[in-house]
Amino acid sequence: MGQTTAFRKALITPTVTIMGESKIFDEARYIHGESGKGTWTFYAGHDPEDYQHLVNDPPTDLNLFPNSAGYRLILNNVLFPAAKKEKQKT
């Protein structure tokens with residue numbers, strides 16, 4: 001059934017935001033946190049549209065799934081920091 005990755009929730013510090021989880025396995029799949037003056041995000045799990053995707057299989061054709069919730073989550077997290085308004089000096 002392909003490859004999957006995740007973090008055990010018991011080992012995640014309270015300052016890390018869990019954005020997606022597998023309650024069945026008590027794992028966090030999408031996490032976000034801060035480090036110094038920057039942020040980091042970890043995305044885990046299977047290919048959202050091809051859950052049986054195996055290592056060395058050809059890439060999933062994303063044009064077939066333009067509204068995939070999994071890819072939207074990734075895109076939103078990439079764009080979100082850029083959308084923050086800077087504090088004005090007035």
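Starting from 1, each residue takes its place in the sequence as its number. All values derive from a computational prediction rather than experimental measurement.
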(message) Under a 3.5 Å distance rule, please check whether His32 uses its side chain to pair with a backbone N or O of Val16 as donor and acceptor.
(response) no

(request) Supply the members, apart from Phe25, of the Ile/Leu/Val/Met/Phe/Trp/Tyr cluster built from side-chain contacts under 4.5 Å; use none for a lone residue. (result) Ile24

Under 3.5 Å donor-acceptor pairs involving side-chain atoms of residues 7-14, not counting sequence neighbours:
{"unit_1": "Lys9", "atom_1": "NZ", "unit_2": "Glu21", "atom_2": "OE1", "d": "2.4"}
{"unit_1": "Thr13", "atom_1": "OG1", "unit_2": "Thr15", "atom_2": "OG1", "d": "3.3"}

